[in-house]
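The structure appears right after this line, and notes come after that.
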Amino acid sequence: MIPLLSVSDLRVGFGRNPEANEVVRGVSFDLADGETLAIVGESGSGKSVTALSINRLVDYGGGRITGGSIKLRRADNSVVDLLTATEQQLTKIRGAEIGMIFQEPMTSLNPVLTIGTQIEESFRLHRGLTGRQATAAAKDALDRVRIPDAARRLEYTPNQLSGGMLQRVMIAMALACNPRLLIADEPTTALDVTVQAQIMALLAELKRETGMSMIFITHDIGLVAGIADKIMVMQGGEAVEQGELNQILDHPQHPYTQHLLHAVPHFASGRATRSDGRREKDKGTEPALKVDGLVVRFPVKSGFFGRASGAVHAVDGVDFDLMPGETLAIVGESGSGKSTTARAVLGLVRSTRGTFSAGARKAAAEQSALPVQMVFQNPYASLNPRLTIASILAEPVIATGGRVNAQTRAKMAALLKRVGLPESSLERYPHEFSGGQRQRLCIARALMLNPSVVVLDEAVSALDVSVQARVLELLVDLQREFGLAYLFISHDMAVVERIAHRIAVIYAGQIVEIGDATSVLSEPKHSYTKKLIAAVPTIDRRHERFEIDTRQVPSLVRPLGFEPSPAKWDKFGPDHRARVEA
Amino acid sequence: MNYLMRRLATFPLVLIGVSVLVFVAIRMVPGDSITAMLGTEAGLLTPAQRDALAAYFGIDQPWFIQYWRWLLGLLHGNLGISVTYGKPVLDVILERFPLTLELALLAMIIALAVGMPAGVFAATHNEKLSDLGVRVVAMIGQSTPNFVLGLLIIYTLSAGFGVLPAMGAFSPLWQDPLRNLGQLLLPAVTLGFAFAASVTRISRSAMLDVLSDDYVRTARSKGASNRSVIWRHALPNALIPVVTLSGIEFGYLLGGAVIVEQIYALPGLGRMVLDAILQRDYALVQGSVLFIAFNFMIVNLLVDLAYVALDPRIRLGER
Amino acid sequence: MRILRAIFAHTSGRIGGAIVALYLLLAVLGMLGLTPHNPLMQYRVDRLHAPDSAYWMGTDLFGRDVASRLMTGIGQSFTVAFFSVAFATLAGTILGLAAAWFGRWDGLLMRIMDVLLAFPAILLALLIVTVAGPGTWTSIVAIAIVYTPIFTRVVRGPALSLKAREFVDAARTFGSSSSYILTRHLLLNLVAPLTVQVTLALAWALLTEAGLSFLGLGTQPPAASLGLMLSDSRNLMETAPWLMIFPGLAIMISILGFNLLGDALRDILDPKMRRSIA
């Protein structure tokens with residue numbers, strides 16, 4: 001039998017001289033009916049360009065296919081080489097035989113058209129349906145991706161739906177005309193982990209229902225275990241290894257695959273937690289940071305005069321303490337209040353109630369030291385592009401009334417060296433550094449004032465997996481060396497497992513479970529923690545079926561004067577407690 | 001509170017600000033108010049007559065009472081009496097306004113009808129010779145002041161063809177549409193030329209931006225043809241900046257009418273304002289400046305309504 | 001293709017830059033009086049003399065040399081344009097930063113700017129001229145007031161988004177002073193967009209100045225100004241077209257120069273563009 005898709009020696013280049021500027025260099029693979037191929041690689045590996053070349057969308061992104069062939073067996077069993085197909089043929093194939101979904105559901109739907117109009121378009125283009133027939137077909141398509149209340153949602157414009165819902169709409173649209181091949185380009189990267197699990201479950205189920213083939217592009221090798229039959233690992237535009245799912249995951253041959261599988265954080269259900277610095281309560285040391293009853297509310301204004309009619313309870317009664325040398329991870333999904341907690345600790349948002357004490361400063365601290373410093377998520381936005389690294393590192397010193405003297409300069413050079421950057425970096429500008437290097441610069445800047453606590457707000461989330469692993473190592477080393485306490489805000493369980501001593505799970509502005517990392521990850525007690533952990537993709541869970549759950553996160557908007565009832569806790573160990581559920 | 005509500009709520013505030021500004025500005029004219037009101041004829045008054053007039057007009061009162069009275073008058077459509085025309089200011093304005101409005105609208109229609117297709121064409125032929133041609137013409141167009149263009153047109157007509165643009169008595173659109181358009185076409189082209197160039201440039205760059213957006217790629221992945229991608233998916237999004245520009249440019253068109261009406265000797269509101277300024281007819285200056293600003297504000301409000309209709313993101317107050 | 005565009009951007013920058021430099025030279029020469037003839041001298045014998053080697057651009061009705069008057073006129077126009085844009089930039093930057101930084105003033109400041117923006121530009125300028133009487137300084141003040149709200153908006157928008165950037169948050173966590181944040185983090189990052197805007201505003205200021213003097217409300221005779229020369233040429237355009245052609249072209253090319261330069265600067269300085277090249 002001829003494969004559904006046969007790609008051989010595909011080469012794609014960009015720019016004026018595409019032959020000299022190749023991003024994909026001779027990739028070949030076959031895909032049979034009903035089979036799922038996962039293409040795994042980091043940014044710049046050429047995985048997305050490979051995917052976009054199959055339906056020739058790469059032509060519109062400035063790319064040029066310079067060689068090879070992409071043979072597609074069409075529905076009538078004729079074989080067409082997509083590289084030589086005319087644009088007219090291609091418009092008949094796109095959508096009808098090859099569907100595609102993209103990374104950013106928020107920007108991938110037309111903001112000025114209703115969802116219904118956008119789905120109907122597929123039926124109009126390939127089935128010739130118009131008017132009421134098209135609307136009915138669009139409603140069926142939404143039902144198929146389990147969007148509740150589909151008929152009404154057809155009238156919505158994209159800004160009225162959440163990211164997860166929009167990705168379902170994208171899937172409904174891509175599958176509208178039952179294509180035999182679906183290309184999914186990082187479809188869950190922009191989504192929360194529980195939403196990701198939902199989308200993965202949906203894709204797996206739709207694949208079973210329709211028998212379509214799928215090409216699934218991802219940077220997360222853990223994610224593919226649940227869905228792929230075959231894996232192709234890409235690096236620098238080449239396929240360094242490809243084969244059966246089990247063979248690649250269990251017996252990787254190429255060093256890069258081995259690196260992706262072992263050196264890179266993967267979730268191991270509490271088996272990979274840190275063993276150093278166990279909390280010893282009895283020692284009676286003062287905590288580095290203690291937060292008591294933190295409440296952050298933002299007024300909701302409505303009506304003509306903008307009177308406050310309620311409040312968003314972003315953080316609603318959060319307590320924790322943090323010992324010197326310890327990492328407390330705050331995990332939760334977007335909108336849970338984890339970042340707001342971090343920002344409140346630093347005074348970047350005003351807390352409605354609550355106290356902080358950053359008590360025991362380090363003995364070696366200089367007089368200028370501020371106890372708490374922060375490293376932000378986006379390394380591209382947290383360094384002023386118009387200042388040299390020297391000015392950037394000097395800023396905290398100037399801000400606290402210090403002088404930029406020889407001593408300061410020596411400190412800058414020493415910290416740069418410590419975070420793994422050359423001293424010559426001082427005269428350079430941020431744009432000359434990569435994302436990982438910038439994050440190292442941010443860490444160096446945070447350490448300029450000898451803080452006792454560093455808040456790391458999604459500090460490694462924007463980095464590629466192997467860069468991420470190295471920055472995490474640096475953080476652990478620095479913690480040991482300077483006795484730093486970390487407040488580590490993250491949505492990524494695998495990363496948290498590597499760095500946290502303790503974990504606090506936050507949901508809808510409240511901590512629902514807190515305790516020693518190993519026990520929280522291995523024996524989660526609260527239903528939300530369980531759900532969160534179950535949603536984490538791991539290479540251990542293969543071809544697992546997820547439950548599809550369309551429950552929405554509760555609204556955080558409360559009427560004026562609303563106070564949550566005080567939390568009741570169940571204790572599960574010396575350092576592990578969970579909120580009692582109603 | 002959503003965008004539209006906010007917009008409607010600030011409208012009266014800005015309107016009051018505009019009226020205060022005009023009121024204060026006119027009172028800052030050197031010389032006393034009687035002179036300001038009566039112009040040179042004030043020199044003939046005796047001091048007693050002056051005082052009597054001051055009391056009669058209420059200008060012996062503090063300024064805020066004067067302003068309040070003036071504002072109440074405004075609400076009843078009383079903008080004062082024009083000294084040069086010997087008629088209520090509002091009557092003079094309303095007589096002249098249709099021509100200026102028609103001129104501005106005609107210029108706008110011409111600009112949009114030429115500029116948008118040109119911009120879309122250039123964007124879809126990006127980096128080709130035809131794109132370059134459109135861009136060069138648009139750049140030169142944007143740099144050509146309307147008074148230079150107007151004089152060039154008149155010169156070309158008179159030197160090249162021995163004709164002068166139709167002047168003489170102006171005939172309103174509803175009386176003799178053909179003659180009316182004959183009279184207004186060249187002035188409208190003169191007025192709208194630079195605007196057409198800006199529309200071309202904005203729609204080209206908006207279209208280029210939009211064509212590289214993710215949802216355009218999505219539309220292509222569904223199998224939409226190039227034409228459908230441009231007209232159905234890209235254009236509605238690219239229209240948004242063009243609409244914004246049109247609102248702002250309408251003000252320039254109303255302002256530009258002062259110059260174009262002067263060049264083509266058209267009896268419109270713009271030329272009237274200029275005459276009023278030169279003849280120191282302050283009641284008329286005050287009334288007509290206020291009137292034009294009010295119209296400009298109305299147009300901008302309409303533009304914002306169009307905005308809301310075009311872009312659902314604004315409807316929910318996300319801006 | 002991107003590289004082509006970048007090259008093209010440089011080309012237009014080159015043309016615009018050359019035009020602006022040439023005009024600056026002419027303006028300086030005109031202001032220093034280094035003109036071929038005395039711009040005010042009436043060569044009665046040579047009235048309405050067509051362009052030749054003695055009078056490069058001919059003479060006007062009073063026998064004054066058009067080329068010399070053009071040069072002083074350019075000096076005049078550029079003086080008005082530079083001073084008015086400088087004032088507008090300064091005022092707009094201060095007001096825009098204040099609006100962005102002190103949230104409490106934002107509403108009031110922006111409504112005041114809305115009031116100024118409710119007038120078509122030339123009409124607001126006319127109103128100011130009515131109050132203050134025509135003249136060079138009135139033109140400067142009028143144009144400055146017209147462009148201040150535009151600069152305020154141009155500064156406020158990016159300043160607001162810069163204020164929300166993480167490097168400003170970071171600065172706050174160190175306890176950096178407001179003046180440090182305003183100058184190093186906001187203003188320094190606004191230099192690029194302001195440069196573009198200043199260049200384009202110069203084009204508009206030249207246009208407005210010429211418009212005002214065309215209407216007889218700018219520079220007053222007998223001083224030379226481009227708008228006035230053009231206005232005076234109207235009754236003579238058939239007998240002496242050079243009276244119209246040269247000042248008309250002079251105005252047009254000066255505006256074109258700044259527009260071209262502004263466009264090129266936008267291409268070069270716009271971070272969006274730079275990202276797509278990198």
Side-chain angles (χ1 to χ4, degrees), chain A residues 51-52 54-62 87-114 117-119 121-126 156-160 169-170 173-174 176-177 179 182-183 185 301-307, chain B residues 1-13 123-124 126-127 206-244 306-319:
Chain A
L52 287 169
I54 293 168
N55 56 6
R56 291 280 302 278
L57 285 182
V58 75
D59 301 17
Y60 294 99
E87 184 59 29
Q88 222 170 1
Q89 277 178 301
L90 287 170
T91 53
K92 291 220 174 67
I93 292 171
R94 291 187 198 125
E97 307 207 30
I98 305 178
M100 184 155 188
I101 53 179
F102 301 94
Q103 178 170 356
E104 294 283 349
M106 299 288 195
T107 57
S108 293
L109 286 161
N110 194 327
V112 304
L113 298 180
T114 63
T117 314
Q118 297 187 56
I119 302 177
E121 188 180 16
S122 299
F123 292 108
R124 192 171 48 80
L125 287 171
H126 301 294
Y156 282 25
T157 45
N159 58 311
Q160 292 169 286
V169 172
M170 282 294 294
M173 215 157 73
C177 297
L182 177 69
I183 303 173
D185 186 5
K301 288 180 180 162
S302 66
F304 194 77
F305 296 102
R307 220 173 318 153
Chain B
M1 196 161 49
N2 67 28
Y3 177 73
L4 205 59
M5 290 284 284
R6 235 174 14 233
R7 188 70 182 75
L8 286 173
T10 57
F11 187 82
L13 285 180
T124 50
N126 192 15
E127 304 305 332
M207 199 69 186
L208 278 179
D209 275 0
V210 166
L211 281 176
S212 64
D213 276 347
D214 286 353
Y215 53 80
V216 164
R217 191 176 58 181
T218 307
R220 291 195 203 281
S221 80
K222 283 193 283 187
S225 67
N226 209 26
R227 215 178 56 195
S228 159
V229 163
I230 289 167
W231 295 104
R232 281 178 56 89
H233 291 273
L235 193 62
N237 285 286
L239 268 180
I240 294 167
V242 176
V243 168
T244 317
Y307 224 68
V308 171
L310 269 176
D311 192 341
R313 282 166 295 185
I314 296 167
R315 220 172 289 153
L316 291 164
E318 284 169 26
R319 286 174 63 101

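Just so it is clear, the structure is predicted and the values come from calculations on it, not from any experiment. We name chains A, B, ... by the order of the sequence lines, and we start the count at 1 in each one.
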* To do: Return yes if a side-chain donor-acceptor contact under 3.5 Å exists between A:Glu104 and A:Thr107, otherwise no.
  => no
* Asked: Between A:Asn110, A:Leu109, A:Ile183, A:Asn55, which residue shows the highest count of heavy-atom pairs closer than 4.5 Å to chain B?
  -> A:Asn110
Ignoring hydrogens and angles, write down the donor-acceptor pairs under 3.5 Å from the side chains of residues 223-231 of chain B, residues two or more places apart or on other chains.
from, atom 1, to, atom 2, distance (Å)
B:Ser225, OG, B:Ser228, N, 3.3
B:Asn226, OD1, B:Arg220, NH1, 2.9

* Using only heavy-atom distances, determine whether the side chains of B:Asp213 and B:Asn237 contain a donor-acceptor pair under 3.5 Å. => no
* **Which atoms of B:Ser221 approach chain A - backbone, side chain, both or neither, heavy atom under 4.5 Å** => both
* Heavy-atom contact with chain B under 4.5 Å, split by part of A:Leu125 -> side chain
* Asked: Side chain, backbone, both or neither: which part of A:Ile98 has a non-hydrogen atom closer than 4.5 Å to chain B?
  -> backbone
* **Greater than 12 external heavy atoms within 6.0 Å of A:Glu87's CD** => yes
* Greatest number of heavy atom pairs closer than 4.5 Å to chain B - which of A:Pro179, A:Gly95, A:Pro111 -> A:Pro111
* Who among A:Arg56, A:Gln118, A:Arg94 has the most heavy-atom pairs with chain B under 4.5 Å? -> A:Arg94
* To do: Give a yes-or-no answer on whether the side chains of B:Thr244 and B:Tyr307 include a donor-acceptor pair shorter than 3.5 Å.
  => yes
